Each structure stands twice: as C-alpha cells, then as structure tokens.
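Here the structure is laid out as structure tokens; the discussion comes afterwards.
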2 protein chains.
Amino acid sequence: MKTPADVEEPRWLTDDEQHAWQAYIQASMLLEDHLDRQLQRDAGMPHVYYGLLVKLSWAPRHRLRMTELAEAAKITRSRLSHAITRLEKNGWVRREDCPSDKRGQNAVLTDEGFEVLKKAAPGHVEAVRSAIFDRLTPEQVGQFGDICRIIADGLQPEGADLPWLR
Amino acid sequence: MKTPADVEEPRWLTDDEQHAWQAYIQASMLLEDHLDRQLQRDAGMPHVYYGLLVKLSWAPRHRLRMTELAEAAKITRSRLSHAITRLEKNGWVRREDCPSDKRGQNAVLTDEGFEVLKKAAPGHVEAVRSAIFDRLTPEQVGQFGDICRIIADGLQPEGADLPWLR
DNA sequence: AGCCATTTCTTGAACTTTAAACTAGTAAGC
DNA sequence: GCTTACTAGTTTAAAGTTCAAGAAATGGCT
C-alpha cells in the first residue's frame, strides 16, 4: 500500500479555502480589536462584557442564571464568574441567590447598568454598522448570517440539552 | 424640527442584520475557543501564536521584521513583543538584530520551531476543515471569503503604507 | 438514610493582552 | 552640528483569560 492509513496526507486547504480562512482571521482580529477599543473608550468595558449586559437586558426581569448567561454568550463559566465580579464592582450587575436551587446564582442587570448600556448602544451599533453592514449588500448579509450559523451550530455540543440524542 | 441632528435616532440593525451579527459573534467565540484548545493541546500554544509561526514559515528565509509580522498577523507590536518573548523561551523563534536599521529586530523561525509547526499543521488543518470548510458549499466558501475581505479591508488604516494618499 | 456521581459556581495561579510610558535610533529642518 | 519629530521595539503594571482544583447542593440508587 502506498499510503497507509496512519501516514495519510492531510487534506490541505484549497486556494479558495486558504484565502477565505486568512481573510476570516484578519477580519475577526481587526473587528474584535476595533470594537474592544470603541467600547473601552465609550463605555469602559471590553466587547465581551458589553455582550453580557446585552444578554441580560434581553432576559425577562433583566436576570439570568450564570450557566444560562455563559451559554448564551458562548464563554466558560469561569470566565463569566470573573467578568461578573468585575461588572459587580462597577455596579452594573449584581448577584442574587437563586430561590429554587441553592447552588445557583442569578446575574441581575442593575438600573445603573441598564443606563450605561442604553448610553453606549447607539455608538456601538454605529461601529458595527460601519464596519460590517454598511459595506455588505442585503444578499451578502443573508449569506453571512447563514454561514456563521452553520459554523456556530457545528461547534455546539450537538444535543447539549438533549443528552438522550447523543 | 422634530429630530435635531444631535438627537437623531440611531440606525438600529434590521432583523436580518441582528441575526447575522449574533450568529457571527457566536461563531467567532466558539471557533477561537475550539482552535485555542486544539492547538494548546496538540502544540502547546494558542492559535494566535501558531499563526505567527505560520507567517514566519511563509516569509523568505523564515524571518520577518517585528513590525511586518505584527501587521501581517493584525496584532499590536506590544502583543507581538510579548508573544515572541514567550516563543523564544520555547526555542521556536529567535530574535536577530536587523543589519540595516539598528532599532530593528527580525523574528526568525528556528528549525525546532519549524518542526513543531510541521507536526501541528495536519491536526490544525483538520480542525479548521471540520469546523468550517467541510460544512460549506464551494459557493459559500467564495461568499465567506469575499465578505471577510470586505470587512477586513474596511478596518485597515486605508493607505497604511501609502501615507501620501491619506 | 447513606452513598456516589453530577451539577453549579467560585477561586487562585499561571499566562496572555492592553495601554501607556520609555529607550534608542533615524530623519528632517535649519 | 543641533534641535526636533518620528519610528522601532520593549517594558511595566493592570486587566482579562485559562486551567485545574475545590466547596456546596442536587439527584438518583440502594
């Protein structure tokens, strides 16, 4: 046999794939950097932290269990724990014991946090818009969403909340 | 006047834009996390550091000026400086004075660094492929590349290396 | 009830990143 | 030649992230 299974030549990326991949890396680096600076300047927090406030503002009663928030934001619970500690020091979020499960904690968006969010939102949308959506056709926006969703879904633990399907 | 210029309602994202934006955030979080873990496990370094070795391996004589490498990888010079210090401790890169400019430094990929890279590459390509390219149609790969390039180009200092055009 | 595995969240240390200040060398104007 | 401005790269300290370990509560299972 010329190429035994354990010495198989890897399936390298085609030129198109390689170019797309490099473009993605550059776009994501520049974008994270851009948004982090914008929000650090205008709202005093990095983009991920802003995202946490957004998720909380979308939740009923402006509160979410730590694990739910971590899953929604796609970050580890450890990272979230540190982040909430910091946001709590800013007075933008507070922790609250979960009544039904004594292990649980709710992260609650404070009124002050909500104000900060409302104040920062317009500038942030403008930054996102001018970096991305003002540059894409409506068709491309659709394609972009589809592609990102495929990638995101592929990386989720398939039946994370449906263990019997695994 | 009903809405003075300084109280203009921000141009919020449309539903399509909002969905695409959330999908992007999720995809990029999950992807960075996935690749960081994969490379940390298989090569002992985070994804950005691996990217630096890749750029060096592509450069003539496996070396690049610090500033060029920082620009290629879209990271700050400070970040690069720290990263190279760490990679130098691993013996995968070494610094070399630039002959023509006494301020300058070249980052040089060592033979050992090149070996580490060659050993890690197949696993990494496989990770990228299975997370992204195996899930997209060839058409989508093209769209993805185009869109990312538009975003990346939009965030570059327009004539960074053509100051007379600014 | 008692036991064991699991879940929830936090912690501390190591590591990475950022922002700003700093050193040293180059370049431009006079 | 001297001054001034700029460029290349590093350094420091603070902020953020990861990893592994740990405390506390829950949920079966017997």
Side-chain angles (χ1 to χ4, degrees), chain A residues 28-30 32-41 43-52 63-71 73-90 93-108 157 160-161 163, chain B residues 29-30 32-41 43-52 63-90 93-108 157 160-161 163:
Chain A
S28 64
M29 290 296 236
L30 291 168
E32 238 347 69
D33 199 69
H34 184 66
L35 297 181
D36 270 345
R37 277 178 215 288
Q38 185 264 316
L39 282 169
Q40 195 70 61
R41 174 167 49 75
M45 68 190 125
H47 184 216
V48 172
Y49 288 30
Y50 178 88
L52 296 175
R63 72 196 58 208
L64 234 29
R65 282 288 293 269
M66 293 296 277
T67 296
E68 292 179 291
L69 181 49
E71 274 168 14
K74 310 299 174 198
I75 63 178
T76 62
R77 274 176 262 170
S78 172
R79 187 176 179 180
L80 178 63
S81 207
H82 289 296
I84 293 295
T85 300
R86 194 277 220 185
L87 290 171
E88 208 169 18
K89 275 178 196 148
N90 283 283
V93 167
R94 97 186 112 75
R95 280 182 231 247
E96 203 173 60
D97 290 348
C98 175
S100 56
D101 185 338
K102 281 175 193 161
R103 294 167 304 180
Q105 291 282 105
N106 279 310
V108 187
D161 35 10
Chain B
M29 289 297 238
L30 292 168
E32 236 349 67
D33 199 70
H34 184 66
L35 296 181
D36 269 345
R37 277 177 216 287
Q38 184 265 315
L39 283 168
Q40 195 69 63
R41 173 167 49 74
M45 67 190 126
H47 184 217
V48 171
Y49 288 29
Y50 178 88
L52 296 175
R63 73 196 58 207
L64 235 30
R65 283 288 292 270
M66 293 296 277
T67 296
E68 292 179 290
L69 181 49
E71 275 167 15
K74 310 297 174 201
I75 63 177
T76 62
R77 275 175 263 168
S78 172
R79 185 176 179 180
L80 177 63
S81 205
H82 289 295
I84 293 295
T85 300
R86 195 275 222 184
L87 290 172
E88 207 168 19
K89 274 178 197 149
N90 284 283
V93 168
R94 97 187 112 75
R95 280 181 232 248
E96 204 173 60
D97 291 347
C98 175
S100 55
D101 186 338
K102 281 174 191 163
R103 294 167 303 180
Q105 292 281 104
N106 279 309
V108 187
D161 35 10

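No hydrogens, no waters, no symmetry mates; every other heavy atom, side chains included, goes into these values. Here the structure is a predicted model, which is why all the values come from computation and not from measurement. The chains referred to below are lettered A, B, ... by the order of the sequence lines, with proteins before strands, and numbering in each begins at 1.
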Legend entry - Spatial distance of atom CG (Asp36(A)) from atom OH (Tyr50(A)) [nearest 0.5 Å]: 13.0 Å
Inset, instruction - Measure the distance from CD on Glu88(B) to P on dG9(D) and round it to the nearest whole Å. - result: 14 Å
Inset, instruction - Looking at every strand, decide which applies to Arg41(B) at a 4.0 Å heavy-atom threshold: base, sugar-phosphate, or nothing. - result: nothing
Legend entry - For Arg95(B), side-chain contact (heavy atoms from CB on, under 4.5 Å) partners two or more places apart: Met66(B), Ser81(B), Ile84(B), Thr85(B), Glu88(B), Gln105(B)
Legend entry - Any residue of residues 96-108 of chain A with a heavy atom less than 4.0 Å from an atom of DNA chain D: Asp101(A), Lys102(A), Arg103(A)
Inset, instruction - Would you give the length of the straight line joining atom CG of Leu80(B) to atom CG of Leu69(B), rounded to the nearest 0.5 angstrom? - result: 5.0 Å
Legend entry - Spacing of Glu71(B) atom CD relative to dG9(D) atom C1', expressed in whole Å: 13 Å
Inset, instruction - Specify the separation, in whole Å, of atom NZ of Lys74(A) and atom P of dT17(D). - result: 17 Å
Legend entry - Residues which pass side-chain hydrogen bond (donor to acceptor under 3.5 Å, both in side chains) with Asn90(B), listed by chain and number, not counting sequence neighbours: none
Inset, instruction - Quick one: closest heavy-atom pair of Asn106(A) and Cys98(A), and the distance? - result: ND2-CA, 4.1 Å
Legend entry - Axial bend angle, the helix from dA1(C)-dT30(D) to dC30(C)-dG1(D): five-pair end segments, nearest 10°: 20°
Legend entry - Pairing residues for Glu68(A) by the side-chain contact (heavy atoms from CB on, under 4.5 Å) criterion, not counting sequence neighbours: Leu64(A), Arg65(A)
Inset, instruction - Between Ser81(A) and Asp33(A), just flag the one whose closest nucleotide in DNA chain C comes earlier from the 5' side. - result: Ser81(A)
Which pairs, protein N/O on one side and nucleotides 12-16 of chain D N/O on the other, fall under 3.5 Å?
| from | atom 1 | to | atom 2 | distance (Å) |
| --- | --- | --- | --- | --- |
| dT12(D) | O4 | His82(B) | NE2 | 3.1 |
| dG16(D) | OP1 | Arg86(A) | NE | 3.4 |
| dG16(D) | OP1 | Arg86(A) | NH2 | 2.9 |
| dG16(D) | OP2 | Arg86(A) | NE | 3.3 |

Inset, instruction - Starting at CG of Leu39(A), measure out to CE of Met45(A) and round the result to the nearest 0.5 Å. - result: 7.0 Å
Legend entry - Residues in side-chain contact (heavy atoms from CB on, under 4.5 Å) contact with Gln40(A), at least two apart in sequence or another chain: Pro46(A), Arg86(A)
Inset, instruction - Round to a whole Å and report the spacing from CD1 of Ile75(A) to C1' of dC19(D). - result: 15 Å
Legend entry - Pairing residues for His47(A) by the side-chain hydrogen bond (donor to acceptor under 3.5 Å, both in side chains) criterion, not counting sequence neighbours: Glu32(A)
Legend entry - Arg77(B) CZ - dT7(D) C1' separation (whole Å): 7 Å
Inset, instruction - Could you state the atom-to-atom distance from CE of Met66(B) to P of dT7(D) in whole Å? - result: 18 Å
Inset, instruction - Considering only heavy atoms of chain B and a distance under 4.0 Å, specify the first and last nucleotide of DNA chain C in 5' to 3' order that meet this criterion. - result: dT16(C) to dT26(C)
Inset, instruction - With sequence neighbours excluded, tell me which residues meet side-chain contact (heavy atoms from CB on, under 4.5 Å) with Val48(A). - result: Ile75(A), Arg79(A), Met29(B)
Legend entry - Arg37(A): salt bridge (Lys or Arg N to Asp or Glu O under 4.0 Å) partners, not counting sequence neighbours: Asp33(A)
Inset, instruction - Name all residues meeting the side-chain hydrogen bond (donor to acceptor under 3.5 Å, both in side chains) criterion together with Arg77(A); count only those two or more places apart in sequence or in a different chain, and write none if there are none. - result: none
